[in-house]
There are 2 protein chains.
Amino acid sequence: MALRHAVLAVLLDGEYSGYQLTKIFDVSCSNFWYAVPQQLYAELTKLERAGLITGRQVIQHDRPNKRLFTVTPAGLAELAAFAAVPSKPSSIREDLLVMVQAVDRLDPAPVIAQLEERAVIAAAKVELFDRMLRQLRGDLTEEAFLRESDRIGPYLTCLRGRGFEQENREWCERVAALLRARAPVPG
Amino acid sequence: MALRHAVLAVLLDGEYSGYQLTKIFDVSCSNFWYAVPQQLYAELTKLERAGLITGRQVIQHDRPNKRLFTVTPAGLAELAAFAAVPSKPSSIREDLLVMVQAVDRLDPAPVIAQLEERAVIAAAKVELFDRMLRQLRGDLTEEAFLRESDRIGPYLTCLRGRGFEQENREWCERVAALLRARAPVPG
DNA sequence: GAACCATACTCAATGATATGACTATTCCTG
DNA sequence: CAGGAATAGTCATATCATTGAGTATGGTTC
């Protein structure tokens, strides 16, 4: 029941179409939730039927028409209710960690390769988050922005995403180097 | 298809019953996967039918009988195949982050309360992981253990779990303090 | 000796998520 | 003008995960 609230939280920033949402859930929102387009469109339909968002048709001549959605007061109330009930912590759920858990009994080469590749991906995400953070705070310092802005939620979740990826990167690099040192692999 | 591999990876450490697995997935394994008992029992049944593990009945007189499972050569091959195909990175999926994303438009009090509670939980997990790490490496230093031991997989995943929770804790504390400073809440 | 907890495991139902294939339109490139 | 990318969205299905309730045994505690 939480994709619903993730969609509502993102729609607080303004009107978006389903297609735009898929883009947001691919990048900026990916620091706290991910969903494929089909899920998002389905969720938007449900949310509208429940009266938590409203859509309005926008006729476009240069490309297919679209529908833009906004959160209704009922939707905001739903979010408030969601925020009021204690949430359960979620843990990491990562295939790569399963492989590392078993690495002593397997050929380490493919695991090392994946760790190194993942470190690069994580580093790229850190940079992406850094760019997003800079853009969000404009020319204010982080401290000033967090004190004065009236829209810090996205910045804060972005900070968490950055921290996660940074930690991820460091761990991947360390483990890859370590496994490489233990069992030197050609190539 | 990854719970299957998580179970196989844990069973590499020795014979376990379904019940014991539920305990392991509650604590030590929770740094990279989580599952409820029903999932685990169902998965064990499937794995046995697929010939990837074998079970043997153990008659007990002081408590209900149990079945202990071990990974077969086919199971090890399945794990090797799993480790050979590139895995997709998974992102955070956390209700609490959804709330923070929306916090500018909500009453911050319950969100702050949850952040502070979560920081305490994360700190407790860090300590738990520290104890597990100490136990795994015995009286060796971390460096020596990682160089010499022939079973470092669980240690490495535990390190990742620790890093995640530490990062989580720092973020929760920082965000809670920040939100408190912005909108002083009584109580 | 009644209540409760730990061990050991199962069934059923629902909800969430992932995968793949599909329909349209328009713009840009070669 | 053919092909591909970007926009905008839909349908169907299969698997995964979560929730809740149950069964059964034996040990411990009040």
Side-chain angles (χ1 to χ4, degrees), chain A residues 1-8 15-27 29-30 32-50 53 55-69 82 85-95 98, chain B residues 1-7 15-27 29-30 32-50 53 55-69 82 85 87-95 98:
Chain A
M1 292 290 277
L3 172 59
R4 124 169 305 177
H5 300 109
V7 170
L8 285 172
E15 281 188 325
Y16 291 115
S17 69
Y19 189 76
Q20 283 174 292
L21 269 184
T22 68
K23 299 300 161 191
I24 293 170
F25 270 76
D26 241 27
V27 286
C29 184
S30 65
F32 66 97
W33 212 269
Y34 172 76
V36 292
Q38 296 93 317
Q39 273 176 278
L40 292 170
Y41 284 113
E43 201 59 52
L44 285 171
T45 307
K46 277 192 254 173
L47 281 166
E48 194 179 20
R49 257 207 285 274
I53 59 174
R56 68 182 181 90
Q57 179 103 21
V58 173
I59 310 290
Q60 297 184 118
H61 299 290
D62 52 338
R63 53 192 60 174
N65 298 333
K66 62 181 174 184
R67 304 191 61 214
L68 296 180
F69 297 94
F82 168 69
V85 299
S87 61
K88 270 176 288 183
S90 74
S91 60
I92 305 181
R93 203 168 257 206
E94 179 79 66
D95 284 358
V98 176
Chain B
M1 293 288 279
L3 172 58
R4 127 167 302 176
H5 300 109
V7 170
E15 281 186 324
Y16 291 114
S17 69
Y19 189 75
Q20 283 174 293
L21 269 183
T22 68
K23 298 301 160 190
I24 293 170
F25 270 77
D26 241 28
V27 285
C29 185
S30 65
F32 67 98
W33 212 270
Y34 172 77
V36 293
Q38 296 93 316
Q39 271 176 279
L40 292 171
Y41 283 113
E43 201 58 51
L44 285 171
T45 307
K46 277 192 254 174
L47 280 167
E48 194 179 21
R49 258 207 284 274
I53 59 174
R56 68 180 180 93
Q57 179 103 21
V58 172
I59 310 289
Q60 297 184 116
H61 299 289
D62 53 339
R63 53 192 60 176
N65 298 333
K66 62 181 173 184
R67 301 192 60 214
L68 296 179
F69 297 93
F82 168 69
V85 299
S87 60
K88 271 174 289 184
S90 74
S91 60
I92 306 180
R93 201 166 259 206
E94 180 79 66
D95 284 358
V98 176

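Predicted, not measured: the structure shown is a model, and the values here were computed from it. Letters A, B, ... are given to chains in the order of the sequence lines, protein chains preceding strands, and every chain is numbered from 1.
In this structure, A/Lys88 and B/Glu43 both approach DNA chain D, and ranking their closest nucleotides by distance from the 5' end singles out B/Glu43. Comparing A/Pro64 and A/Ala35 against DNA chain C, the residue whose closest nucleotide sits nearer the 5' end is A/Ala35. With DNA chain C read from its 5' end, the first of the two nearest nucleotides for B/Arg67 and A/Leu3 is the one closest to B/Arg67.
The two residues B/Phe82 and A/Val98 come nearest to each other via the heavy atoms CE2-CG1, 3.8 Å.
Among C/dT19, C/dA6, D/dT19, the nucleotide with an atom closest to any side-chain atom of B/Val36 is D/dT19. Which of D/dG9, D/dG27, C/dA8 sits closest to the side chain of B/Asp62 comes down to D/dG27.
B/Arg93 comes within 4.0 angstrom of sugar-phosphate atoms only, judged by non-hydrogen atoms across all strands, and of no base. At a threshold of 4.0 angstrom between heavy atoms, the contacts of B/Gln38 include nucleobase atoms, whether or not backbone atoms are also involved. Using a 4.0 Å heavy-atom criterion, one finds that B/Ser17 contacts the sugar-phosphate atoms exclusively. Base contact: B/Gln39 has a heavy atom under 4.0 Å from a base atom.
Nucleotide D/dG9 holds its C1' atom 14 Å from the CD atom of A/Glu48, rounded to whole Å.
Residue B/Tyr41 has no polar side-chain atom (N or O) positioned under 4.0 Å from OP1 or OP2 of C/dT10.
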